[in-house]
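The structure follows.
Because the structure is a prediction, the values reported are computed rather than measured. Residue numbering restarts at 1 for every chain, and letters A, B, ... go by the order of the sequence lines.
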There are 2 protein chains.
Amino acid sequence: MAVTIINVAEKAGVSPSTVSRVISNDSRISQKTSRKVRKVMEELGYHPNLMAKSLVTRTTHNIGIVLPRPAEELFQNQFFSEIIRGIVTKAASSGYDILMTTSTNEIEEWKAVERLVQGRNVDGIILLASQREDPNISFLREKKFPFVLVGRSEDYSDITSVDNDNIAAAQAITRHLIELGHRRIGFVSGPFELTVSKDRLDGYSKALLDGGIPFRCDYVFEGAFTPDSAMQVTEQILKLEERPTAIIAIDDVVAFGIIRSLWNNGLRVPEDCSVVGFNNTSLAEMCLPQISSVDIGMYQMGQSTVQALIQRIKGDGFEQARIIIPHQLIWRRSVTSPDSEA
Amino acid sequence: MAVTIINVAEKAGVSPSTVSRVISNDSRISQKTSRKVRKVMEELGYHPNLMAKSLVTRTTHNIGIVLPRPAEELFQNQFFSEIIRGIVTKAASSGYDILMTTSTNEIEEWKAVERLVQGRNVDGIILLASQREDPNISFLREKKFPFVLVGRSEDYSDITSVDNDNIAAAQAITRHLIELGHRRIGFVSGPFELTVSKDRLDGYSKALLDGGIPFRCDYVFEGAFTPDSAMQVTEQILKLEERPTAIIAIDDVVAFGIIRSLWNNGLRVPEDCSVVGFNNTSLAEMCLPQISSVDIGMYQMGQSTVQALIQRIKGDGFEQARIIIPHQLIWRRSVTSPDSEA
DNA sequence: ATTATTTGTGCAAAGGTTTGCATAGATCTA
DNA sequence: TAGATCTATGCAAACCTTTGCACAAATAAT
């Protein structure tokens, strides 16, 4: 059988409560007793039973995270890897573990969260981006259970969410292109219903406005997050009477598809058309030409998410509603000033 | 306060044990009682406290997984995403959650495992690939604690490990190239000390042997898993008097770097040199030309790992020592028969 | 020397389940 | 009809900690 706090107590000639207090560094325990108990703990190879501890303290030091079911876009682009890495690392250094689950059956998707919460298996929950209305949000909210949204922002001031500022990033990119002299700037979006599409499109049009450039509907395209889709869209772009001199893509993968298609049609990048991506994945660095992109700090998003969640859990009143991870523009070969205007 | 089994028992007019038995579908409970209790559970919104349950059953339905610290190669190539996706999905459908942690401080790397195990926080452990001698292995072994190795095979028959058959895959690739008519086949490896390098190199040389082609040391190169490294290596290859007509890369990323460098030097792929990668990442599909590669079934590796671990946990005696996930060769544009020989 | 304060420990309850054993009532056997 | 067998349920111990409260001993204050 496993060695318990009682075994330690007996061997050390003290009561279990004393041992418990030694473990938690209770200031009331004398140096002498503490040393004695610690020695016995060492000898016996004692390790506290976390379940028993959790049961009485009503605290698990676990953070729950439920993977959305299809989660296709989530898992590509290193998005997931990086964010999880940030989450796990920060959690570990803060004394928390990550409890990851997913739902087996579509209908009961939100049951997973309920089980974790009601089963008292986690102290808080991280909800990864999901496009649909998420029943988990209202559930957690009503339960007043600590949780943080990541990669998606909600407008409720009582909910903490962590996100990068897609609007500002797109705006900065567009502004820079304008400064380079571009006047005809295209935008290849992902599905319009996604917040990420909306926001980046938003920043794009804001920058146009600031730069005194009229927004042209025929310069905005909807596509999927695949090279194929991007190539199809590019074919459409090439049919335009006035071709853009620069294209902003929702994504590095899309940027990649655009570049490929431009090449296929005999256009050089960036000489004939500049292209910018998003997310700064390894693809952006490996592509030829290397793609200018935006590093949205995914690792840091993970870290900040955990930090914010722990604050919620501890309830020290410092809860921010909306945490924005700063982005960083990475300019590479795929962008230059427009030839035609030069 | 949360509603407990006792509240349910009282309201239903039965004892807590009966409620417990209803929950676990004990056959001895009568239909009538069962229905009555379930109704009350519903009304009260009862959810079992998993901690209390774990405490008494000594079982958590959690599977632990410790992320290696630096884990650079692990996190790229979608390797991690895919394998985790497989793990979490399979675990969830088998009634397990994944408890993920990492060590904060290098020295205490293995303490993380010890904590999970000794703290009775998990029923089993998955150890992800790590190159060094892992103290966790001997610890878990000695403790007779259920665990499974993934992405790395050990030669102990009492340890279950899940891996793809790198030897067979490399062998199959090489054989195919030989069948296409290639006689001068290069191999760009990762660091030689990694098992994955050794195994793939092994398969390569076996196939050469089978094909009656002498193994040439000057056709084997050591590099890192980056495009830059691959490009440097390629420069060396191009200095060879007799250039290979085909090159096998340890990795899609490396294959990508090789292709890039060949292009820079005015060589066409595959006409002047065929190139094959490994892992079948999205890069292989997106690269120009698309890279032939090996799908090593990472998602399935995750699934099989969990399955094997659960068998170990349940101890139903079906433990296999070594589980091999079948690979699949994906032939794409980057390979053709050698021009020079044709 | 007596009382008040501080310091260090122990007692026992609580946290929510599961489960071996006992038992009451129902059904069957002869 | 008495005993045997079965069925459905309850009792109480066990799982391992934490923690409020009480208390004894040591120290300080008067």
**Message:** To the closest 0.5 Å, what do you measure between CG (Leu99(B)) and CE (Met100(A))?
**Reply:** 10.5 Å
**Asked** Over how many whole Å does the gap from Lys53(B) atom NZ to dG15(C) atom C1' extend?
**Response** 17 Å
**Prompt:** Once you round it to whole Å, what is the distance between C1' of dG8(C) and CZ of Arg35(A)?
**Reply:** 15 Å
**Complete:** Separation between OH (Tyr96(B)) and CD1 (Ile87(B)), nearest 0.5 Å, reads 15.0 Å
**Asked** Rounding to a whole Å, what distance do you find between Ile5(A):CD1 and dC15(D):P?
**Response** 15 Å
**Prompt:** Across the strands shown, which category fits Ser20(A) at heavy-atom distances under 4.0 angstrom: base, sugar-phosphate, nothing?
**Reply:** base
**Item:** Of residues 36-52 of chain A, the positions that come close to DNA chain D - non-hydrogen atoms, cut-off under 4.0 Å
**Value:** Tyr46(A), His47(A), Pro48(A), Asn49(A), Ala52(A)
**Request:** Provide, to the nearest angstrom, the distance between the CD1 atom belonging to Ile6(A) and the P atom belonging to dA13(C).
**Result:** 15 Å
**Request:** Could you check Thr57(A) against Leu55(B) and say which one's nearest nucleotide on DNA chain D is further toward the 5' end?
**Result:** Leu55(B)
**Asked** Does Arg120(A) have a side-chain nitrogen or oxygen under 4.0 Å from the phosphate oxygens OP1 or OP2 of dG15(C)?
**Response** no
**Message:** Rounded at 0.5 Å granularity, tell me how far OG1 in Thr60(A) sits from CD1 in Ile313(A).
**Reply:** 7.5 Å
**Message:** So if I define the base as every atom that isn't primed, P, OP1 or OP2, how would nucleotides 5-12 of chain D read as a B/S/- string at a heavy-atom cutoff under 4.0 Å?
**Reply:** ---SBBBB
Name each donor-acceptor pair under 3.5 Å that joins a side chain in residues 39-48 of chain A to protein atoms two or more places apart or in another chain, with its distance.
from     : atom 1 : to        : atom 2 : distance (Å)
Glu43(A) : OE1    : Lys11(A)  : NZ     : 3.2
His47(A) : NE2    : Glu114(B) : OE2    : 3.2

**Message:** Check Asp97(B) with Arg115(A), please: is the shortest side-chain N to carboxylate O separation under 4.0 Å?
**Reply:** yes
**Message:** Return the CD1 to OG1 distance between Ile126(A) and Thr160(A), rounded to the nearest 0.5 Å.
**Reply:** 11.5 Å
**Request:** Starting at CZ of Arg312(A), measure out to CD1 of Ile159(A) and round the result to the nearest 0.5 Å.
**Result:** 8.0 Å
**Prompt:** So, the side chain of Arg141(B) versus the backbone of Phe139(B): is there a donor-acceptor pair under 3.5 Å, distance only?
**Reply:** no
